[in-house]
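A, B, ... follow the sequence lines: proteins, then strands. Residue 1 opens every chain.
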Protein chains: 2
Amino acid sequence: MTQSSVRPPSSSRRDELLQIAAELFATQGFKNTTVRDIADAAGILSGSLYHHFDSKESMVDEILSTFQEELFGRYAEILAGDADPRAKLEAAVRVSFEAIHQHRNEVAIFQNEADHLGTFERFSYLAERNQQSREVWLTLLGEGIASGALRPDLDVELVHRFIRDTVWVAVRWYRPGGKRSHHDVADQYVSILLDGITT
Amino acid sequence: MTQSSVRPPSSSRRDELLQIAAELFATQGFKNTTVRDIADAAGILSGSLYHHFDSKESMVDEILSTFQEELFGRYAEILAGDADPRAKLEAAVRVSFEAIHQHRNEVAIFQNEADHLGTFERFSYLAERNQQSREVWLTLLGEGIASGALRPDLDVELVHRFIRDTVWVAVRWYRPGGKRSHHDVADQYVSILLDGITT
DNA sequence: GTCTATATGAGGATAGAC
DNA sequence: GTCTATCCTCATATAGAC
């Protein structure tokens, strides 16, 4: 057995296999990706994967939990910072686009599979993270309204959903190295969100 | 054989089965839903489904193509109308939220499966519809800018993606009969989109 | 760390009786 | 229009050799 019961040691081969799996899970979907697909892409046979991982489920589990841990570390930094409310909100948006840039596969998997995977005990942390993310956004929006920077007439819960959804769904079309950098995209998005599209 | 080669006749039993399948495809995903799941939900055995449909694929095909036909009929009406640019844009947004309200399952299936299904010849119309939808939004945005109602400094392609994504992704959380009607949601969304969230 | 070989089960689909 | 019975393929996972 290669993996410890608490946290698997990071061998580079293991990480390599996780990257390959993440790419396939992200582009074809978790269910649509077979262990043979993963093994083929890695140049080994499917049975050999089980030297590294217990199951296909373990692979996606490790991919998602690792990513979430990093992402929420960033959110925590912003919340703890002393920038003004509007700047904090902008920062949170930018962190998200940065995550899309740096961890496309992980974000895509989370977007596409979290609802379904979340129904299993093993992935209950996904629901908790969702809740945590909601608290981050509601806090930022609340501070923004309290400071007078944001409109007080809007339904905060709805605003939260719109921001969350629009930011993350960009993973569907954003391509690193494409025409627009993630900074460009974030700039435009922040501009629309804050000021609207009318003159 | 029950179905004609061109367009299957609408027997009510057939429609009932399609509704049941759509509900399952929308909530569990196409690949995750087995023909046995569908049959169970309908109170029959899986083999009996094949009296009505050629394959599981045929079912999702019929669900999606029927929905798309209706949706694009609505878009065409708006484009052909003589409302001012801003009103047309609003109308298009509202039609989308209405579609989410009336055809939740179909919208969800399209959102979750179109990318993947679109890679097969049989579903090539999905890509065409996507292109068509892009033209609708770009036309509306172009008219808006030309008329002076919309900001000329924004990247129209990006604005299009943000509108498209934010509108449709609402299907993930919108529930008919919930706290917010689809009219409420559309109102708030239009307000944010047009005027932004700042004071 | 990878391969060979294989167990085991699930899922899509079919043929023909009722 | 549904059931019985069943085929066939594909997918996850395992055991042990190399």
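- D:dT12 atom C1' lies 11 Å from atom CG of A:L49, rounded to whole Å.
- The distance between the ring centers of A:F162 and B:Y189 falls below 6.0 angstrom.
- Within the structure, a side-chain polar atom (N or O) of A:H51 is placed less than 4.0 Å from OP1 or OP2 of C:dG1.
- Applying the 4.0 Å criterion to OP1 and OP2 of D:dT2, one finds that B:H52 has a side-chain N or O inside that range.
- Atom NZ in A:K56 sits about 15 Å away from atom C1' in C:dG9, given to the nearest Å.
- What separates CG of A:N32 from P of D:dC10 is a distance of 15 Å, to the nearest Å.
- Remark: B:R13 is in phosphate contact with D:dT2, judged by side-chain N or O atoms under 4.0 Å from OP1 or OP2.
- In this structure, B:E157 does not pair ionically with A:K179, as no charged nitrogen and carboxylate oxygen lie closer than 4.0 Å.
- With sequence neighbours excluded, the residues forming a side chain to side chain contact (heavy atoms under 4.5 Å, CB included) with A:Q132 are A:F72, A:R129, listed by chain and number.
- The nearest whole Å value for the distance from the NZ atom in A:K31 to the P atom in D:dT12 is 9 Å.
- In this structure, the CD1 atom of A:I20 is 14 Å from the C1' atom of C:dT2, given to the nearest Å.
- Using modelled atom types, one finds no donor on one side chain facing an acceptor on the other under 3.5 Å when comparing A:R86 with B:T198.
- Non-hydrogen atoms lying under 4.0 Å from DNA chain C are contributed by nothing in residues 118-125 of chain B.
- Under the 6.0 Å cut-off for aromatic ring centres, B:H182 and B:F97 do not qualify, their centroids lying 6.0 Å or more apart.
- Contacts between residues 33-45 of chain B and DNA chain C, defined by a heavy-atom separation under 4.0 Å, are made by B:T33, B:T34, B:V35, B:R36.
- Considering only side-chain atoms of B:Y50, the nucleotide from C:dA13, D:dT14, C:dT2 that sits closest is C:dA13.
- Ion pairing between a basic and an acidic side chain is recognised when a charged N comes within 4.0 Å of a carboxylate O; B:R14 and B:E62 show such pairing.
- For the pair A:F30 CZ and D:dA11 C1', the computed distance is 12 Å after rounding to whole Å.
- Rounded to whole angstrom, the span from the CG atom of B:D54 across to the C1' atom of C:dA15 amounts to 16 Å.
- Contact check on A:R13 versus A:E16 returns a salt bridge, with a Lys/Arg side-chain nitrogen under 4.0 Å from an Asp/Glu carboxylate oxygen.
- Contact annotation: A:S48 reaches the phosphate of C:dC3 (side-chain N/O to OP1 or OP2, under 4.0 Å).
- Atom-to-atom, CD of A:E16 to P of C:dG1 comes out at 12 Å; the value is rounded to the nearest Å.
- Comment: A:R122 engages A:D61 in a salt bridge, judged by a side-chain N to carboxylate O separation of less than 4.0 angstrom.
- Using a cutoff of 4.0 Å between basic side-chain nitrogens and carboxylate oxygens, A:R74 and A:E98 are scored as salt-bridged.
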